[in-house]
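Shown next, in structure tokens, is the structure this report addresses.
Letters A, B, ... mirror the listed sequences (proteins, then strands); counts begin at 1. Heavy-atom basis, side chains included; hydrogens, waters and symmetry copies ignored.
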There are 2 protein chains.
Amino acid sequence: MATIDVLKVLASEPRLRILQWLKEPNRHFSPHDGVDMIEIGVCVSQVAQKLDMTQSTASQYLTMLLRAGLLTTERIGKYTYYKRNEVAIARFAEAMAKEL
Amino acid sequence: MATIDVLKVLASEPRLRILQWLKEPNRHFSPHDGVDMIEIGVCVSQVAQKLDMTQSTASQYLTMLLRAGLLTTERIGKYTYYKRNEVAIARFAEAMAKEL
DNA sequence: TTGTCATTTCGGAAAATCTCGTTATGATCG
DNA sequence: CGATCATAACGAGATTTTCCGAAATGACAA
């Protein structure tokens with residue numbers, strides 16, 4: 001995905017916040033039983049609640065961050081967990097420092 | 001200016017291009033007589049022509065980049081020259097790498 | 001001063017984005 | 001299977017952004 005398209009995804013307060021919350025999920029979300037939020041991630045409804053927006057909106061935002069390559073996802077049972085893609089995020093930060 | 005607001009300014013193809021063109025102004029613009037584009041910068045009309053947009057639009061975009069702190073400006077005679085603020089740009093790239 | 005040129009500001013139409021409610025899909029449980 | 005729950009996809013109204021043309025500002029030159 002091109003730099004400009006990633007920038008467009010990031011240039012939104014709620015989406016940027018999601019990415020930042022996920023740096024320390026334990027600080028910002030209450031965990032599901034037996035789920036390590038750092039290893040597995042956080043599910044859509046948890047993000048929706050924290051955003052104070054509908055589940056529909058949270059799902060869209062997470063999908064946008066996913067398509068931008070900044071998150072990864074894993075489905076476990078009925079839940080879909082999202083977490084940061086640290087490698088891709090670091091790569092993007094480097095690209096910014098170079099291209100900007 | 002907050003990170004999110006700078007991101008919004010950058011998340012636009014024409015504005016991002018302006019910033020990138022200004023990395024090598026001699027490669028992208030034809031100079032005014034006796035004006036060192038690296039030292040002094042590039043004027044609004046030059047950018048408008050390169051963008052293939054009106055001078056009004058170019059002026060607005062340059063102003064947005066200026067307010068974001070990414071450019072500096074200097075008026076000489078009837079021309080207003082804009083150039084990159086390398087220190088601020090580097091600072092922003094660092095902030096991104098940290099906050100992202 | 002008057003005229004001209006570069007730039008900025010203002011107002012608005014078209015396009016894009018935001019965010020929602022609703023519906024559809026997929027998975028689990030009884 | 002049928003019911004339920006989490007998520008994704010769809011469609012739409014409200015808001016924001018984009019980009020323009022016209023009018024205002026500021027600087028120089030005659």
Side-chain angles (χ1 to χ4, degrees), chain A residues 1-2 4-19 22 25 29-35 37 40-68 71-83, chain B residues 1-2 4-19 22 25 29-35 37 40-68 71-83:
Chain A
M1 206 173 191
I4 182 69
D5 298 305
V6 179
L7 276 172
K8 285 180 187 171
V9 173
L10 290 176
S12 142
E13 226 154 311
R15 288 192 298 267
L16 185 59
R17 287 213 181 145
I18 291 171
L19 203 64
L22 288 175
F29 304 94
S30 30
H32 280 183
D33 292 13
V35 173
M37 292 192 288
I40 303 296
V42 162
C43 85
V44 179
S45 312
Q46 289 171 295
V47 174
Q49 182 180 1
K50 181 84 178 171
L51 278 177
D52 194 25
M53 289 180 176
T54 65
Q55 178 274 329
S56 165
T57 300
S59 175
Q60 268 183 92
Y61 287 172
L62 288 166
T63 300
M64 292 170 80
L65 288 162
L66 177 70
R67 279 195 310 243
L71 297 183
T72 63
T73 189
E74 177 182 3
R75 175 140 201 176
I76 300 183
K78 51 184 174 178
Y79 298 98
T80 304
Y81 295 96
Y82 290 86
K83 69 171 174 182
Chain B
M1 207 172 190
I4 182 69
D5 298 305
V6 179
L7 277 172
K8 284 180 187 172
V9 173
L10 290 176
S12 144
E13 227 153 311
R15 288 192 298 267
L16 185 59
R17 285 209 182 150
I18 292 171
L19 203 63
L22 288 175
F29 303 94
S30 30
H32 280 183
D33 292 12
V35 174
M37 291 193 287
I40 303 297
V42 163
C43 85
V44 178
S45 313
Q46 289 171 297
V47 174
Q49 182 179 4
K50 182 84 179 173
L51 278 177
D52 193 28
M53 289 180 175
T54 65
Q55 181 272 334
S56 163
T57 300
S59 175
Q60 272 180 89
Y61 287 172
L62 287 166
T63 300
M64 291 170 81
L65 288 162
L66 178 70
R67 278 195 309 242
L71 298 182
T72 62
T73 191
E74 177 181 5
R75 176 139 201 176
I76 298 183
K78 51 185 175 178
Y79 299 98
T80 304
Y81 296 95
Y82 289 86
K83 70 172 176 184

Checklist entry - Rounded to the nearest Å, what distance is computed from the NZ atom of residue A/Lys8 to the C1' atom of nucleotide C/dC18? => result 15 Å
Checklist entry - What closest approach, in Å, do A/His32 and A/Cys43 show between heavy atoms, and which atom pair accounts for it? => result CE1-SG, 3.6 Å
Checklist entry - Starting at CZ of B/Arg17 and ending at P of D/dC19, how long is that distance when rounded to a whole Å? => result 11 Å
Item to check | Spacing of NZ belonging to A/Lys83 relative to CG belonging to A/Leu71, to within rounding of 0.5 Å | outcome: 11.0 Å
Checklist entry - How close or far is atom C1' of D/dT17 from atom CG of A/Leu7, stated in whole angstroms? => result 16 Å
Item to check | Closest to the A/Gln55 side chain, choosing from D/dC19, D/dA8, D/dA9 | outcome: D/dA8
Checklist entry - How far apart are the C-alpha atoms of B/Tyr82 and B/Leu66, what are their side-chain angles, what is the distance that settles it, and do they pass the side-chain contact (heavy atoms from CB on, under 4.5 Å) test? => result CA-CA 8 Å; B/Tyr82 289 86; B/Leu66 178 70; 4.3 Å; yes
Checklist entry - Looking at B/Thr54, does any N or O in its side chain come under 4.0 Å of the phosphate oxygens OP1/OP2 on D/dC20? => result yes
Checklist entry - Hey, does the side-chain of A/Ser12 have a donor or acceptor N/O within less than 3.5 Å of a partner on the base of C/dT17? => result no
Checklist outcome for this item: Judged by nearest nucleotide, the residue sitting upstream toward the 5' end of DNA chain C, A/Asp52 or A/Arg75, is A/Asp52
Next on the checklist: From the set C/dT19, D/dT7, C/dT8, return the single nucleotide nearest to any side-chain atom of B/Tyr82.
Outcome noted: C/dT8
Next on the checklist: Main chain of A/Ile4, side chain of B/Glu13: is a donor-acceptor contact present, judged purely on distance under 3.5 Å?
Outcome noted: no
Item to check | Phosphate OP1/OP2 of C/dA6: any B/Thr80 side-chain N/O under 4.0 Å | outcome: no
Checklist entry - Rounded to the nearest Å, what distance is computed from the CD1 atom of residue B/Ile4 to the P atom of nucleotide D/dT17? => result 11 Å
Item to check | A/Glu13 CD to D/dT17 P, straight-line distance once rounded to whole Å | outcome: 11 Å
Next on the checklist: Working note: B/Thr73 + B/Tyr81, criterion side-chain contact (heavy atoms from CB on, under 4.5 Å); need CA distance, chi angles, decisive distance, verdict.
Outcome noted: CA-CA 6 Å; B/Thr73 191; B/Tyr81 296 95; 6.0 Å; no
Item to check | Nearest-Å distance for atom pair CE/P, residues B/Met53 and D/dT18 | outcome: 10 Å
Checklist entry - Any donor and acceptor pair, going by atom type alone, linking the side chain of B/Arg75 with main-chain N or O of B/Gly77 inside 3.5 Å? => result yes
Checklist entry - Rounded to the nearest Å, what distance is computed from the CD atom of residue A/Glu74 to the C1' atom of nucleotide C/dA27? => result 15 Å
Item to check | Strand contacts (DNA chain D) in residues 58-68 of chain B, 4.0 angstrom heavy-atom criterion | outcome: B/Gln60, B/Tyr61
Checklist entry - For the pair made of CD1 in B/Ile76 and P in D/dC28, what is the distance, rounded to whole Å? => result 11 Å
Next on the checklist: Any base atoms under 4.0 Å from B/Tyr81, or only sugar-phosphate, or nothing? Heavy atoms, all strands.
Outcome noted: nothing
Checklist outcome for this item: Which of C/dC20, C/dT7, D/dA8 is nearest the side chain of A/Thr57? It is C/dC20
Item to check | Closest nucleotide among C/dT9, C/dC20, C/dC5 to the B/Lys78 side chain | outcome: C/dC5
Checklist entry - Can you find a side-chain donor-acceptor pair between B/Ser59 and B/Ser56 that sits under 3.5 Å? => result no
